[in-house]
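One structure is given here, and the rest of the page talks about it.
We name chains A, B, ... by the order of the sequence lines, and we start the count at 1 in each one.
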2 protein chains.
Amino acid sequence: MSVGRETRLSAWIERFAAHFAEEGIPLIGGRILGYLLVCQPVERTAAELSQELEASSGSISTNLKYLVNVGLVTKRTRRGRQAAEYRINEKAWSEFVQRKLKAIASVQTLTDDGMRLLSGDPERAMRLRTVDHLYGWLSEELPALWERKPASPK
Amino acid sequence: MSVGRETRLSAWIERFAAHFAEEGIPLIGGRILGYLLVCQPVERTAAELSQELEASSGSISTNLKYLVNVGLVTKRTRRGRQAAEYRINEKAWSEFVQRKLKAIASVQTLTDDGMRLLSGDPERAMRLRTVDHLYGWLSEELPALWERKPASPK
DNA sequence: CGATGACTTCAGTGTTGACCGAAGGAAAGG
DNA sequence: CCTTTCCTTCGGTCAACACTGAAGTCATCG
C-alpha cells in the first residue's frame, strides 16, 4: 500500500526544518516555514499550527514572532476575529537569501581594517591580503549578481 | 599615549573571532585563524598558540584539528622536532567561502523535491514555486560566478 | 460585565556544545 | 631507558538556548 501525499509532505516538512536547523533556525520555526509553504488553505492561526505540528503554544508563538520579524511570515488580523492568521511571505525569501550573502561578504570590512593595521609591513600583510582580495571581489560581484536577478514570475 | 600596534592587532583578532563565532565557529577557533593570519613568523606550535591566546591546550588541540580538517590551517611536522608547526592556508579560503555559497543554494534540492510532491496541484504549488525559482536561479549563477573568479595574485 | 477563546510571557527543564585541566601516550635527547 | 616535551583524549563544568506548560493579558461575544 502506497504512502499518502500528506504523509510524504510531512516527511518533506521535517527534512526542510532539519536543513534550516543547521543554519540556526529552531526546529519548530523550520517546521512552520515548511508547513506554511504547502498547506491548504494558505492561512493558519497559531492554534492550528500548534495542533498540526504538535508543538506547544509557547513555541509556536515565539517562532512566529521571529519569522514575522525576519519577514518570512506575514501576520494578518481581522476585526471581528480574535485569531490572527499567518501565511508564508514567499516574496521575502529573496531578501532573506540576500542577507545571508551580505553576511558572508561583510568579512571584507574586517580584513580591510586588518590591512590598515598592517600597512607599512607588506611582508607581514601578505596572508591577509589574499583573504582580503577574495572578500573584496565578493563584495563587488554579489551585489552585481543580485541586480541581474529576474523578478519572480507573477 | 598611543596604543601599540600589537595591542590593536589583539583587538582586531578578537573582532575577527567574534564574527566567525556567529557563523558557528568556536571562539578559540576564530582566534587561531585571526592570529595565524597576522603573526610573525607565520608558523606557530600548539603550545605557542595556547600561551598567546590564553586558551587551554585541550581547546587549542581540538580547534586546530577542526581547522586543519576544513583546510584553513596546515600542519607541518619535521623530523627532529616533536612540536608540529601550524600556519594559515590562505589559499583554501576560497573553497571555504565556496562551500558556504553551495550550502545556501543546496536548498534547491529540497524545494525541488517539494515541487514534485505537489505536481498535479499547481494552485497549491505556487508558494513553493516562487522559492524554488529563487534557489534554482542561485544554483545556476553561483557556480558561474565562481568560474569568473580571478586567481589570487601571487 | 462575566465568560470564553486566543495569543503572549515567563519560569523551569533538558540538551547541546564550548571550554578547561588532568591523565595518557608518543617523540626526542640525555 | 628514563626524562622531558609536546600533543591528544577525556571527564567534568558551565552557559546558552530550545522547548514546555501554566499563568497572565487582551479581545470578543453573549
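Side chains of B:S10 and B:T7: no donor on one and acceptor on the other come within 3.5 Å. No hydrogens or angles considered: nothing links the side chains of A:R76 and A:Y86 as a donor-acceptor pair under 3.5 Å. Counting only N and O atoms by type, the side chains of A:S59 and A:T62 include no donor and acceptor under 3.5 Å apart.
Residues of residues 35-44 of chain B that place a heavy atom closer than 4.0 Å to DNA chain C do not occur. The stretch residues 9-22 of chain A does not touch DNA chain C, since none of its heavy atoms comes less than 4.0 Å from the strand.
In terms of hydrophobic clustering, with Ile, Leu, Val, Met, Phe, Trp and Tyr side chains grouped at heavy-atom distances under 4.5 Å, A:L33 and B:I104 are assigned to a common cluster. Cluster membership check: A:Y35 shares its hydrophobic cluster with B:M115, using side-chain heavy-atom separations under 4.5 Å among Ile, Leu, Val, Met, Phe, Trp and Tyr.
In this structure, the CG atom of A:L67 is 12 Å from the P atom of C:dT8, given to the nearest Å. Atom CD1 of B:I60 and atom P of C:dC20 are 8 Å apart (whole Å). As rounded to whole Å, 14 Å separates atom P of D:dA18 from atom CZ of A:R31. In this structure, A:L53 places its CG atom 15 Å from C1' of D:dA18, rounding to the nearest Å. Distance CD1 (B:I28) to P (C:dG17): 17 Å, rounded to an integer number of Å. Rounded to whole Å, atom P of C:dC7 lies 12 Å from atom CD1 of A:I32. In this entry the distance linking CD of B:Q51 with C1' of D:dT5 reads 14 Å, nearest Å. If you take CG of B:N63 and P of C:dC19, they are 6 Å apart, rounded to a whole angstrom.
Taking CZ of B:R124 as the start and CG of A:L37 as the end, the distance is 11.5 Å to the nearest 0.5 Å. With rounding to the nearest 0.5 Å, the separation of CD in B:E54 from CD1 in B:I28 is 10.5 Å.
A pairwise comparison of heavy atoms in B:G71 and B:A92 identifies O-CB, 3.1 Å as the closest pair. Nearest approach of A:P143 to A:L138, heavy atoms of both residues: CD-O, 3.9 Å.
Among the atoms of the strands shown, only primed sugar atoms or phosphate atoms (P, OP1, OP2) are found under 4.0 Å from some heavy atom of A:L27. B:Y86 comes within 4.0 angstrom of sugar-phosphate atoms only, judged by non-hydrogen atoms across all strands, and of no base.
When the side-chain nitrogen and oxygen atoms of B:S57 are compared with OP1 and OP2 of D:dC7, none of them lie within a distance under 4.0 Å. For the pair A:S59 and D:dC19, the criterion of a side-chain N or O lying under 4.0 Å from OP1 or OP2 is not met. Close to D:dC6, at under 4.0 Å from its OP1 or OP2, lies no side-chain N or O of B:K75. Within the structure, every side-chain polar atom (N or O) of B:K65 is placed at least 4.0 Å from both OP1 and OP2 of D:dC7.
Aromatic pair A:W93/B:W137: centroids not less than 6.0 angstrom apart.
Comparing D:dG21, D:dT8, C:dC7 against the side chain of A:S56 picks out D:dG21 as the nearest.
Remark: A:Q40 CD is packed, more than 12 non-hydrogen atoms of other residues, nucleotides or ligands lying under 6.0 Å away. For A:K149, the NZ atom is densely surrounded, since the number of other residues' heavy atoms within 6.0 Å is greater than 12.
Where the helix from C:dC1-D:dG30 to C:dG30-D:dC1 starts and where it ends, the local axes point in directions that differ by 0°; five pairs per end, rounded to 10°.
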